[in-house]
Amino acid sequence: MTAPHSPSTLPPSPARTHYAGDLRAEHVGQAVAVCGWVARRREHGEHLAFLDVRDRTGLVQCVVDGAHDLRSEYVVRVTGTVRPRPEGTENPALATGAVEVGDCEVEVLSVAEPPPFPLEGRVEVDETIRLRHRYVDLRSERMQRNLAVRAAAIGAIRGAMADQGFLEVETPLLIASTPEGARDFVVPSRQSPGEFYALPQSPQLFKQLCMVGGVDRYYQIARCLRDEDLRADRQFEFTQLDAEASFVTQDEVLAFITEAVGAAVEAATGERPGSFGAISWREAMDRFGSDKPDLRFGLELVDVTEVFAATGFNAFKAPCVKAIRVPDGGDATRSRLDDLTDRAKRWGAKGLVWMRVEADEITSPVAKFLSAEELAELRRATEAETGDLLLLVADSWHTTCHVLGLLRLELGRPPVTEGGFHFTWVVDFPLFESISDDGQPVPAHHPFTMPHPDDIELLDGATGDDLLAVRSQSYDLVLNGWELGSGSVRIHRADIQQRIFGLLGISEDEAQAKFGFLLDAFRYGAPPHAGFAFGIDRLVALLAGEENIREVIAFPKTQSGADPLTGAPGPVAPAQLEELGLRLLPRSTA
RNA sequence: GGUCCCGUGGUGCAGUUUGGAGUGCACGCCGGCCUGUCAAGCCGGAGGUCGCGGGUUCAAAUCCCGUCGGGACCGCCA
């Protein structure tokens with residue numbers, strides 16, 4: 001159902017001359033056979049009934065001589081003649097609404113129990129029930145459309161990557177566990193009891209090996225698995241476009257991915273997206289309090305640290321003070337403000353200061369601690385107008401941005417179907433995201449990320465906070481506040497790699513143990529290379545107007561990682577454990 | 001590891017704040033009527049361990065504790 005009012009091009013077969021949703025005025029007079037499910041039945045006495053027959057392409061009305069033995073979701077084959085509907089009974093809401101199938105013979109291919117929930121999609125059905133009967137849920141127009149959008153997007157991505165010279169290469173699912181990153185799913189080895197494979201969090205290392213192997217431009221529609229808590233935009237298993245190219249710059253990678261994403265968007269919506277802007281990580285954090293800014297709305301963060309540089313108000317004696325101005329938000333109730341304050345605290349702020357901007361004063365529980373000059377300057381800095389609400393957080397730069405960023409989403413985030421598609425690249429990520437308690441920097445991406453060329457010299461002799469200023473050649477693609485994916489220029493030179501490992505506190509032996517095969521490969525002639533990966537489930541969900549990637553996955557898991565349809569996860573037979581050399585711990589200590 | 005919301009015939013809800021007979025609504029289902037409907041219409045009917053366990057009470061869908069399931073989020077996701 002790519003475009004609901006244009007017929008599909010699905011081929012006929014001997015049993016089925018046409019798909020239900022394809023019938024049009026041009027078919028009038030033709031003898032046809034359609035196959036599908038009884039979507040609805042409207043009886044008008046013993047000798048007239050209307051049967052809506054549904055298949056992947058849509059619905060067509062069949063006029064039958066009595067339908068007493070035909071029930072919802074029976075599988076039928078209907079033969080008859082296409083005819084125009086009588087004057088005045090056309091249904092413009094239906095793609096097939098100008099015609100109907102008359103003189104029908106109905107063959108029941110399968111009877112069916114009543115469906116466990118309605119398929120009309122007018123109500124939200126409990127997730128367990130939908131997933132337990134996913135085979136029924138998939139018949140709904142919503143799921144059929146979403147699967148079609150997904151297939152169209154993936155097809156377009158394959159085409160775009162192939163057109164740009166990328167070679168599709170498959171990489172293994174059973175690999176060695178690496179200690180970095182997300183929690184691995186592990187698979188016990190039968191042939192080597194006590195040893196384990198891991199399922200890939202991504203094909204990262206293999207695609208770099210492909211570069212050493214001269215593949216030059218690699219891509220894969222890759223399944224990735226991470227044993228971390230599930231969310232609306234996260235499943236255990238998800239699908240990425242994974243890509244890597246040799247002898248290219250960051251800008252060239254961005255262009256490749258822009259082309260692939262653009263093709264996917266066009267395939268799904270019919271329109272090519274506008275150019276993707278780019279924003280530095282620093283600016284994204286400063287203005288939106290997030291490294292995945294939702295650019296569909298304003299409510300930007302305003303830095304007011306300087307306003308309170310010499311304040312007597314203890315709560316504002318902080319490295320960073322920022323504000324959000326909520327236009328006409330001054331009428332927020334006290335309970336709403338208390339709720340926002342609670343949230344801010346849960347998100348890590350010490351508190352939240354609110355101020356109502358009135359004609360000649362600012363009212364706030366803390367106004368009495370602030371000077372008239374400070375209040376006037378705050379008003380000027382935030383461009384506040386009468387009736388507005390100001391929300392302020394004072395803390396470290398990072399905490400202030402983070403909390404106000406979450407608050408901004410809470411206050412202004414539009415529904416997924418509103419505001420269009422606002423893509424942006426986020427560039428110039430820091431090489432290190434933080435310094436751990438033992439003084440070691442923590443990599444923001446992965447340890448093979450190339451430092452920014454202008455910042456490499458900063459690595460010399462740098463320690464502690466100086467390192468946090470070092471930028472990397474890594475980049476994220478963001479759509480409407482969702483991180484679609486990320487990539488980087490990789491380190492291909494042993495000397496730079498050794499310096500990074502040194503900074504990260506990874507010894508030569510340790511590096512060899514963890515990534516030895518990659519480092520070994522690099523000794524045999526590694527081209528400069530760079531790559532990217534983005535989440536296809538997330539892209540398709542947003543294109544389909546869905547808030548949750550479950551809606552674009554045929555058989556997803558619940559938030560607790562269960563599959564109500566198959567019962568996974570479940571126990572295995574003792575003999576299986578025995579064969580694998582495994583013994584279970586008692587539940588209380590597991 | 002944590003916070004919040006939800007759980008009532010097959011489905012979606014109301015009822016829970018303020019305890020008093022399983023009370024109600026819409027859809028679906030079953031039967032009947034009905035020859036131009038398309039969320040068909042009209043009449044009738046069936047269908048319940050109020051997620052589960054414990055507690056308080058003369059009395060619990062309702063209050064309390066625990067637990068299970070679903071959802072949203074923080075942490076986590078290099």
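Proteins come first, then strands; the chains are lettered A, B, ... in the order of their sequence lines, and each starts at number 1.
B/G10 sits 16 Å from B/C50 when the C1' atoms are compared, rounded to a whole Å. Atom P of B/G32 sits at a distance of 36 Å from the matching atom of B/G51, rounded to the whole Å. Comparing the C1' positions of B/G15 and B/A60 gives a spacing of 14 Å, expressed to the nearest Å. The P atoms of B/G2 and B/G66 are separated by 12 Å, rounded to the nearest whole Å. Comparing the P positions of B/G7 and B/U17 gives a spacing of 14 Å, expressed to the nearest Å. Rounded to whole Å, the separation between the C1' atoms of B/C58 and B/A46 comes to 35 Å. Comparing the P positions of B/G9 and B/U56 gives a spacing of 28 Å, expressed to the nearest Å. Using atom C1' as the reference point in both B/G12 and B/G53, the two lie 28 Å apart (nearest Å).
Interatomic distance, A/D229 CG to A/S560 OG, rounded to the nearest 0.5 Å: 10.5 Å.
The base of B/A39 lies close enough to the side chain of A/R122 for a donor and an acceptor atom to sit less than 3.5 Å apart. Judged by distance alone with a 3.5 Å cut-off, no donor-acceptor contact links the side chain of A/R231 to the base of B/G71. Below the 3.5 angstrom threshold, one finds a donor paired with an acceptor across the side chain of A/R234 and the base of B/C77.
For B/G36, there is no paired nucleotide, since no Watson-Crick or G-U wobble pair has both relevant distances below 3.5 Å. Nucleotide B/U3 is matched to B/A72 when pairs are restricted to Watson-Crick or G-U wobble geometry with both distances under 3.5 angstrom. Nucleotide B/G19 is matched to nothing when pairs are restricted to Watson-Crick or G-U wobble geometry with both distances under 3.5 angstrom. Using the Watson-Crick or G-U wobble rule with both distances under 3.5 Å, B/G28 pairs with nothing in any strand shown. Judged by Watson-Crick or G-U wobble contacts below 3.5 Å, the nucleotide B/U67 has B/G51 as its partner.
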Treat primed atoms plus P, OP1 and OP2 as sugar-phosphate and everything else as base, then score nucleotides 28-38 of chain B 5' to 3': B for base contact with protein heavy atoms under 4.0 Å, S for sugar-phosphate contact only, - for none. -SSSS-BSBBB

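Between A/Y475 and A/W281, the ring centre distance reaches or exceeds 6.0 Å. Separation of the A/F515 and A/F448 ring centroids falls under the 6.0 Å cut-off. Remark: aromatic rings of A/F236 and A/F185 are close, center separation under 6.0 Å.
A/D229 places its CG atom 14 Å from the C1' atom of B/U3, with the value rounded to the nearest Å. As rounded to whole Å, 15 Å separates atom C1' of B/C4 from atom CG of A/L406. As rounded to whole Å, 7 Å separates atom C1' of B/G71 from atom CZ of A/R550. Separating the CD atom of A/Q204 from the C1' atom of B/C77 is a distance of 15 Å, rounded to the nearest angstrom. Across the protein-nucleic acid pair, A/E120 atom CD and B/G10 atom P stand 19 Å apart, rounded to whole Å. In this entry the distance linking CG of A/N548 with C1' of B/G71 reads 9 Å, nearest Å. Atom C1' of nucleotide B/C77 and atom CG of A/D184 are separated by 12 Å, given to the nearest angstrom. Rounded to whole Å, the distance from CD on A/Q559 to P on B/C68 is 15 Å.
Using a 4.5 Å heavy-atom cutoff, the side chains of A/V34 and A/V76 are not in contact. Residues A/T79 and A/C104 form no side-chain contact, since every pair of their non-hydrogen atoms from C-beta on lies 4.5 Å or further apart. Looking at heavy atoms from C-beta onward, A/I257 lies in side-chain contact with A/F534 at the 4.5 angstrom threshold. At least one side-chain heavy atom of A/V326 sits less than 4.5 Å from a side-chain heavy atom of A/L391.
If you check the side chains of A/S488 and A/R490, you find a donor sitting under 3.5 Å from an acceptor.
Within the 4.0 angstrom heavy-atom criterion, no nucleotide atom of any strand lies near A/H133. Counting non-hydrogen atoms under 4.0 angstrom, A/A444 reaches the backbone sugars and phosphates but no base. Counting any heavy atom pair closer than 4.0 Å across all strands shown, A/S560 reaches sugar-phosphate atoms only and no base atom.
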Apply side chain to side chain contact (heavy atoms under 4.5 Å, CB included) to A/Q473 and A/T449, showing your working. CA-CA 7 Å; A/Q473 293 186 68; A/T449 303; 5.7 Å; no

Pairs: protein N or O with nucleotides 11-17 of chain B N or O, under 3.5 Å:
residue, atom, partner, partner atom, Å
B/G12, OP1, A/D126, N, 2.8

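Heavy-atom distances to RNA chain B give each of A/H446 and A/A562 a nearest nucleotide, and the one nearer the 5′ end belongs to A/A562.
Judged purely by atom type and a 3.5 angstrom limit, A/E228 uses its side chain to pair as donor or acceptor with the backbone of A/R183.
The cationic group of A/R282 lies under 6.0 Å from the six-membered ring centre of A/W397 and within 45° of the ring axis, placing it in a cation-pi geometry.
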